[in-house]
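In this text, all values refer to a predicted model and were calculated from it rather than measured experimentally.
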Amino acid sequence: GGTSSGDVFTAPHGGGSGGNEAISTLNDDCSSLMKMNTVSRNKLKSLKIDAINGNDGGEYGLSFKHDASGNCLQPVDLQHSPKLLINIPFGNNIYGAAHTHPQSALPMFSFSDVLTLQKLYSQCDPEYSADVVFMLLNNDGSAYSIKVNNLQALKKLTNNYLTETKMIG
């Protein structure tokens with residue numbers, strides 16, 4: 001099993017991790033990801049095929065929801081975007097999303113992806129906050145998941161980055 005002393009968790013499969021003290025790499029899948037139902041896993045396999053075969057430079061995606069009883073529903077396909085941007089829904093029973101990066105993009109989460117995770121976490125029903133996840137599938141076959149268990153630590157991380165970027169630029 002993996003260990004972590006930070007508040008933002010990533011579980012890389014074919015890549016590395018960042019160097020911030022609030023980010024920690026897990027060596028195995030997060031246990032809540034393993035709870036995803038077979039339909040969700042099959043949709044993720046299909047999305048990975050889209051990532052590998054997609055050559056228009058755009059992104060594909062899925063949204064993950066719970067029903068009123070907390071059961072995982074079939075993931076919803078998101079509108080394909082021919083750009084390096086995809087519209088991710090937020091709120092209530094939505095606990096996560098997955099998206100692809102084409103070859104023209106870096107095969108790692110962008111800063112806007114981290115902001116998307118923050119928004120998924122802050123706008124989901126608190127009952128599902130432990131399940132919040134944002135996934136990335138790349139055209140090289142690598143896949144990443146990012147989770148957070150402390151919204152304040154994530155906000156501090158993103159605010160620090162924004163402050164540093166403003167100071168440099």
Q: Side-chain contact test, heavy atoms from C-beta onward, threshold under 4.5 Å: evaluate it for Pro102 versus Asn139 and give yes or no.
A: no

**Q.** Separation of Asn138 CG from Lys48 NZ (nearest 0.5 Å)
**A.** 9.5 Å

Q. Are any of the side-chain heavy atoms of Phe64 and Leu44 separated by less than 4.5 Å?
A. yes

Q. At their closest point, which heavy atom of Cys72 faces which heavy atom of Tyr95, and how far apart are they?
A. SG-OH, 3.3 Å

Q: Tell me whether Ile88 is reachable from Leu115 by hopping between hydrophobic residues (I, L, V, M, F, W, Y) whose side-chain heavy atoms are closer than 4.5 Å.
A: no

Q.
Around atom CD of Gln103, are there more than 12 heavy atoms from other residues, nucleotides or ligands closer than 6.0 Å?
A. no

Q) Quick one: does Leu136's side chain get under 4.5 Å of Ser142's, heavy atoms only? A) no

Q | Closest non-hydrogen atom pair between Thr100 and Gly58, with its separation | A | OG1-O, 4.2 Å

Q.
Would you call the rings of Tyr144 and Phe109 parallel, tilted or perpendicular, taking 30° and 60° as the class edges?
A. perpendicular

Q.
With clusters defined by side-chain heavy atoms of hydrophobic residues (ILVMFWY) lying less than 4.5 Å apart, directly or transitively, does Phe90 cluster with Leu154?
A. yes

**Q.** Heavy-atom pair with the smallest gap, counting every atom of Leu120 and Val133
**A.** CD1-O, 3.9 Å

Q. What is the distance from atom OG of Ser112 to atom CD1 of Ile86, rounded to the nearest 0.5 Å?
A. 12.0 Å

(Q) For the CG atom of Leu157 and the CG atom of Asn150, what is their distance to the nearest 0.5 Å? (A) 11.0 Å

Q: For residues Gly61 and Leu47, report the shortest heavy-atom separation together with the two atoms involved.
A: N-CD1, 3.8 Å

Q | Side-chain heavy atoms of Ser40 within contact of Gln74, under 4.5 Å | A | no

**Q.** Donor-acceptor contact present, side-chain Lys147 to main-chain Ala130, <3.5 Å
**A.** yes

Q) Under 3.5 Å, is there a donor-acceptor pair between the side chain of Asp125 and the main chain of Asn93? A) no

Q: Return the minimal non-hydrogen interatomic distance between Leu162 and Phe111, and the atom names on each side.
A: CD2-CE2, 3.6 Å

Q. Judged by atom type as modelled, is there a donor-acceptor pair below 3.5 Å linking the side chain of His101 to the main-chain atoms of Leu137?
A. no

Q | From CD (Gln152) to NZ (Lys156), nearest 0.5 Å | A | 11.0 Å

Q.
As an exercise, state the distance from CD1 of Ile52 to CG of Asp140, rounded to the nearest 0.5 Å.
A. 8.0 Å

Q: Could you tell me whether the side chains of His99 and Asp113 share a donor-acceptor contact shorter than 3.5 Å?
A: yes

Q | Stepwise side chain to side chain contact (heavy atoms under 4.5 Å, CB included) check, Leu78 with Asn87 | A | CA-CA 7 Å; Leu78 300 178; Asn87 187 21; over 6 Å; no

Q) In Å and rounded to the nearest 0.5 Å, what is the CD to CD distance from Gln79 to Glu59? A) 13.0 Å

Q) Ignoring hydrogens and geometry, is there a side-chain-to-backbone donor-acceptor pair from Asn71 to Asp67 under 3.5 Å? A) no

Q) In terms of hydrophobic clustering (I, L, V, M, F, W, Y; side-chain heavy atoms under 4.5 Å; direct or indirect links), are Leu151 and Val148 co-clustered? A) yes

Q.
Tell me if the NZ atom of Lys65 is crowded by more than 12 foreign heavy atoms within 6.0 Å.
A. no

